[in-house]
Engineer: 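Here's a structure for you.
Fair warning: this is a prediction, and the values are worked out from it, not measured in the lab.
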Amino acid sequence: MAQDVKSELTALLQQALSSVAPEAAGTPILLERPRDPSHGDFATNLAMQLARTLKKNPRDIAQRLVNELPPSPLVTAAEIAGAGFINFRLDTGAKTATVSTVLAVGDEYGRSRAGGNQKVQVEFVSANPTGPLHVGHGRGAAYGASLAALLAFAGWDVTREYYVNDAGRQMDILAVSTWLRYLDQQGVTGIAFPPNGYQGDYVRDMARQMTIAHGDQYVRPAEAVLAGTPGLPEPTRADDEAKKQREDHLDALIANAKTLLGPDWAYVHQHALAEQLADGRNDLEEFGVHFDVWFSEKSLFDTGLVARAVELLEQKGHLYVQAGAKWFRSTVFGDEKDRVVQRENGLYTYFASDIAYHLNKYERGFDKVINIWGADHHGYIPRVKGALAALDLDPDKLQVALVQFAVLYRNGQKASMSTRSGEFVTLRELRGEVGNDACRFFYALRKSDQHLDFDLDLAKSQTNENPVYYIQYAHARVCSVLAQWGGDEAELAGADLALLDSPRELALASRLGEFPEVIEAAARDLAPHQIAFYLKDLAADFHTWYNAERMLVDDAGLRLARVAMAAAVRQIIRNGMAILGVSCPTSM
RNA sequence: CUCCCCGUAGUUCAAUGGAUAGAACGGGCGCCUCCUAAGCGCCAGAUGUGGGUUCGAUUCCCGCCGGGGAGACCA
């Protein structure tokens, strides 16, 4: 089976190793595809690895390994080269057989069982529903969606989850911001809009909807709204005292709003939350990003899980009280300082609900839990893992993938990404300007832990030069050829693939066989970008071949074989692009 | 001050400790009477710096220089 060439070679080497050096039989066998075709189809550095333990010349070891290598129809040559590499040349039939494998299994080509059907949760985006998603969220969304699809393809049972921060101060600030805009639109004067409230136009839109639905029901006098507030300092002041006063002022406004509105506060709060959540969900759906579970932070409080998690930590002796607050002794688990879980005023911290959330994740029985976080959250890893360890849960089941920020440049200047200031490029704008496919692919083309300079003007102007079109174009070309060929695709299974013997065809066949390896490696490294790079290489090999050889030749046998290979290329592009969430148009 | 991420062609990015460090864009020169020129071929161009580990280092370790991020009884 062409799909198993690598494991076949590994098995052969294992046998040779056992007879040459039984004492080192556990040495991991690494096979790589050499860059240089003159180094064969696969190469191993096994002899060089053994040189250390056997204390012998690597080339001698290589020779003995080659001598002991069991014969195989797949291998036409095993040569010793360089400092002690063993280079394997594969039978051309074994290479081109990949074409029929691809066509036979279709959408399933490349699927792996590496995940063993284990349950894995991928939690991503999880942005506060306090405003539109921006370009940074888009990166997390694209990465998470691609990673989830990749893991599913690699044999994992995947749950995609969005953690909704619907409890806490940020939601209160959004609600009060909406209400203040509403009051202004209703003609209530004399209330300055707080500079630390949410400034975006979408807040005004939500306020207008309140008027449309309920008229002046939520109007309250300005004096009552401002009663007891400390007022705002001079806008130009940026000292700590002024900052604190602004926050106090905002908190006082929130407190007044709750009192003045009574039960109606819940409506305003819920209205803002529902609107923003629906907006984000719609945005993500359009971006091809779907979630299986939308998990409410508030539910953790409602079900008492936060309290239970804290109690559990207390029972196990990991908490202490200092200055009226409850602290978790996270330093015992490698954190740099202890952390508060319950404040002096009795309120739980964000960290407390996070502990509860992770406890919940573990109780749901996932074999592996992956959190995709912005890089600014890296400091939270030790405390969350510490909490898991304190709860006698295995911290290693949790893997945190940090996504570096996308720094956006517009007109050569760094664009602000602050949600509160209302000055940001939204994901929706980016999608509209660049297109969903190009967006998804552009994000996928970067390693997630790599800083990303996103020049918006460049991305827009380069739309036609985006590599995504290069791959889509290869797909469209195959579609066009198949249409002009006009045969029944079922015939392709009967193609005589031995006719594909030019160097370009063998290189392309070899590339086709690489796909399953790319899937496994990418899944192992949580690195879907590897698929994007592979697809670029695949498309390049195809375009080169397309320009060099004609597929629809007169010779019926050769024509069938070439069309079959083109169809295999198309199939792999589809399988790969499906993981990346990018469409494959049949014509361009 | 402490910690984290990152320094690779002019630019944006690749490279499980392997052989001659790969692409793309930009620059130069060619290719459409031929299945889609959103394509192909060729040329020029790079590992910040100083040590260490070893058969071998872009990769691992330490120093320095440079860029980004984090430090709360905030979320």
Side-chain angles (χ1 to χ4, degrees), chain A residues 28 30-32 34-36 38-39 43-45 48-49 51-52 57-59 81-85 87 128 130 165 167-173 247 297 322-327 336-337 339-351 353-354 374-382 402 404-405 407 442 445-447 449-455 458-459 462-474 476-485 517 521 524-525 527 529-530 532-533 536-537 539-540 542-553 559 562-563 566 587-588:
Chain A
L30 297 177
L31 280 164
E32 58 167 17
R35 287 193 249 271
D36 186 340
S38 72
H39 293 146
T44 182
N45 61 352
M48 284 132 93
Q49 299 231 313
R52 212 165 305 175
N57 182 328
R59 286 190 69 103
F85 289 100
N87 295 335
N128 279 342
T130 52
N165 295 107
R169 183 163 175 262
Q170 291 307 319
M171 272 311 303
D172 284 343
I173 294 173
E247 296 304 319
E297 178 189 11
Q322 185 181 312
K326 275 186 191 170
W327 295 70
E336 55 187 16
K337 58 168 290 191
R339 310 289 173 177
V340 172
V341 291
Q342 193 172 14
R343 284 182 263 170
E344 191 181 1
N345 60 13
L347 293 177
Y348 291 106
T349 59
Y350 175 86
F351 179 43
S353 49
D354 236 13
D376 55 328
H377 282 65
H378 90 267
Y380 292 88
I381 299 173
L402 294 179
Q404 292 291 334
F405 278 139
V407 182
F442 192 88
L445 210 47
R446 266 106 185 128
K447 235 175 15 180
D449 59 0
Q450 190 78 260
H451 290 280
L452 166 57
D453 287 335
F454 198 130
D455 187 327
L458 199 68
Q462 282 196 339
T463 294
N464 288 341
E465 287 153 10
N466 192 305
V468 70
Y469 298 107
Y470 183 78
I471 298 167
Q472 288 182 327
Y473 187 54
R477 273 183 154 175
V478 176
C479 289
S480 175
V481 168
L482 278 167
Q484 288 173 60
W485 168 63
E517 297 161 28
R524 184 197 59 220
D525 300 340
H529 78 276
Q530 291 178 14
F533 280 94
K536 269 172 67 180
D537 290 340
F542 170 75
H543 285 308
T544 298
W545 177 53
Y546 180 94
N547 273 275
E549 313 273 10
R550 199 179 158 76
M551 286 163 223
L552 301 179
V553 291
R559 182 170 68 231
R562 286 183 173 167
V563 170
S587 69
M588 293 177 69

Engineer: With both distances under 3.5 Å as the test, what is the Watson-Crick or G-U wobble partner of B/G71?
Structural biologist: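 The base-pairing partner of B/G71, which may sit in any strand shown, is B/C1.
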Engineer: May I ask whether A/H39 stacks on the base of B/A19, given the cut-offs of 5.5 Å between ring centres and 30° between planes?
Structural biologist: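 According to the criterion (under 5.5 Å, under 30°), yes, A/H39 stacks.
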Engineer: Looking at B/C55, I'd like to know if its phosphate oxygens (OP1 or OP2) sit under 4.0 Å from a side-chain N or O belonging to A/Q49.
Structural biologist: no
Engineer: Counting heavy atoms from C-beta on, name the nucleotide in B/U36, B/C34, B/C73 closest to the side chain of A/A325.
Structural biologist: B/C73
Engineer: Would you tell me if any nitrogen or oxygen in the side chain of A/T349 comes within less than 4.0 Å of OP1 or OP2 on B/C73?
Structural biologist: no
Engineer: Is there a side-chain hydrogen bond (donor to acceptor under 3.5 Å, both in side chains) between A/Q170 and A/T130 once you walk through the steps?
Structural biologist: CA-CA 7 Å; A/Q170 291 307 319; A/T130 52; 5.6 Å; no
Engineer: Consider the side chain of A/Y470, meaning its heavy atoms from C-beta on, and name the nucleotide among B/C73, B/C40, B/A70 that approaches it most closely.
Structural biologist: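 Nearest listed nucleotide: B/C40.
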Engineer: Reckon A/R339 has a side-chain N or O less than 4.0 Å from the OP1 or OP2 of B/A72?
Structural biologist: yes
Engineer: Is any side-chain N or O of A/K337 closer than 4.0 Å to OP1 or OP2 of B/A72?
Structural biologist: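 So the side chain of A/K337 is within the cut-off, an N or O lying under 4.0 Å from OP1 or OP2 of B/A72.
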Engineer: Given the ring of A/Y546, does A/R477 sit roughly above its face, with NZ or CZ under 6.0 Å from the centre of the six-membered ring and within 45° of the axis?
Structural biologist: yes
Engineer: Look at the side-chain N and O atoms of A/R477 and state whether any lies under 4.0 Å from the OP1 or OP2 oxygen of B/A37.
Structural biologist: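 True: A/R477 side-chain N/O within range (under 4.0 Å) of B/A37 OP1/OP2.
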Engineer: Identify the nucleotide, in any strand shown, that forms a Watson-Crick or G-U wobble pair with B/G10, with both distances under 3.5 Å; if there is none, say none.
Structural biologist: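 Its partner is B/C25 (Watson-Crick or G-U wobble, both distances under 3.5 Å).
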Engineer: Does a nitrogen or oxygen in the side chain of A/K536 sit under 4.0 Å from OP1 or OP2 of B/G22?
Structural biologist: no
Engineer: Considering every strand shown, what is the Watson-Crick or G-U wobble mate of B/C64 when both distances are under 3.5 Å?
Structural biologist: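 By the stated definition (distances under 3.5 Å), B/G48 pairs with B/C64.
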Engineer: Is the shortest side-chain N/O distance from A/Y469 to OP1 or OP2 of B/A38 below 4.0 Å?
Structural biologist: no
Engineer: Classify the nucleic acid contact of A/E344 as base, sugar-phosphate or nothing, counting any heavy atom under 4.0 Å across all strands shown.
Structural biologist: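 Counting heavy atoms under 4.0 Å across all strands, the contact made by A/E344 includes a base.
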Engineer: Which base, if any, makes a Watson-Crick or G-U wobble pair with B/C31, both distances under 3.5 Å?
Structural biologist: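 Answer to the pairing question: B/G39, which forms a Watson-Crick or G-U pair with B/C31.
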Engineer: With the side chain counted from C-beta on, respond yes when A/M171 and A/N165 share a heavy-atom pair under 4.5 Å apart, and no when they do not.
Structural biologist: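 The answer is no; the side chains never approach within 4.5 Å.
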Engineer: Please indicate yes or no: is the ring centre of A/F85 less than 5.5 Å from the centre of the six-membered base ring of B/G18, with the two planes inclined by under 30 degrees?
Structural biologist: no
Engineer: Select one nucleotide: of B/C55, B/A15, B/C40, the one nearest the side-chain heavy atoms of A/M48.
Structural biologist: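 Of the candidates, B/C55 comes closest.
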